[in-house]
Amino acid sequence: AQSVTQPDIHITVSEGASLELRCNYSYGATPYLFWYVQSPGQGLQLLLKYFSGDTLVQGIKGFEAEFKRSQSSFNLRKPSVHWSDAAEYFCAVGQGAQKLVFGQGTRLTINP
Amino acid sequence: DAGITQSPRHKVTETGTPVTLRCHQTENHRYMYWYRQDPGHGLRLIHYSYGVKDTDKGEVSDGYSVSRSKTEDFLLTLESATSSQTSVYFCAISESSGGGTDTQYFGPGTRLTVL
């Protein structure tokens, strides 16, 4: 069965520092991969997605992610975080038939 | 933002009572989904719909039923609520482009507490 693992439950970084959130997936075919962000008390907002083509994907709010098939990974990065980036981040893989499987989420805290 | 509303936004109920949550969309998207979000589990799919009157089970469907009589509305019913169904429930929508998995857009959520 398809699965998504986000190894880090909670990450704390200082404002202005770089960020990398890890995501590993298990899927037999070419994956459709997504990163979503959830601010406290809010719904999920799409940051970026990978379907095919260039393995480095640009998203909103200055985020990017790189698809590495050999490592079954789709890590999310940002060169310099802002206090407003504090939120929970979810990686998801498309399971076909228009269904998504989500990881457990990574909560990001920003130190001033 | 995708036009998705959920009602109610908050509900407290007692064990054994029926509960219905409503999702309404204005995007005319074909697919609609119900998820629950619990700490340590991310989002888990309860049921989804691929058209009017066409629904299927997700990963955690036990104790839940759904109905979709109109394109714009997708109802989630807990026939007899239990404390284990205390959770935040999210509705999502997507439009099928004919291949692969399309982006899902999420509603604001409903926080349900079962006492």
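Numbered from 1 within each chain, the chains take letters A, B, ... in sequence-line order. What you see is a predicted model; the values in this text were computed from it and never measured.
- Put simply, A:Ile60 and A:Leu76 are part of the same group of oily side chains (I, L, V, M, F, W, Y) that touch within less than 4.5 Å, one to the next.
- Using a 4.5 Å cut-off on side-chain heavy atoms (C-beta onward), A:Leu100 and B:Tyr35 make contact.
- Interface remark: A:Ile9 contributes no atoms to any contact with chain B (heavy atom separation under 4.5 Å).
- Counting heavy-atom pairs under 4.5 Å between each of B:Arg44, B:Glu59, B:Gln37 and chain A puts B:Gln37 at the top.
- Under the 4.5 Å side-chain heavy-atom criterion for ILVMFWY residues, no single connected hydrophobic cluster contains both B:Val12 and B:Val114.
- Here the closest heavy-atom approach between residue B:Asp102 and residue A:Phe34 is recorded as O-CZ, 4.1 Å.
- If you chain together hydrophobic residues whose side chains sit under 4.5 Å apart, B:Leu75 and B:Ile4 never meet in one group.
- When all heavy atoms of A:Phe102 and B:Leu43 are compared, the pair lying nearest together is CB-O, 3.7 Å.
- The part of B:Arg9 that comes within reach of chain A is its side chain, from C-beta onward, which places non-hydrogen atoms under 4.5 angstrom from that chain.
- Both A:Leu19 and A:Val57 are part of a single hydrophobic cluster, where members link through side-chain heavy atoms under 4.5 Å apart.
- The minimum heavy-atom distance between B:Gln104 and A:Tyr36, with the atom names listed, is O-OH, 2.7 Å.
- Proximity to chain B (any heavy atom under 4.5 Å) is shown, for A:Gln6, by neither the backbone nor the side chain.
- Within the 4.5 angstrom heavy-atom criterion, only side-chain atoms of B:Ser94, from C-beta onward, approach chain A.
- Rounded to the nearest 0.5 angstrom, B:Leu45 CG and A:Lys99 NZ are separated by 6.5 Å.
- Atom CD of B:Glu14 has 12 or fewer neighbouring heavy atoms from other residues, nucleotides or ligands inside a 6.0 Å radius.
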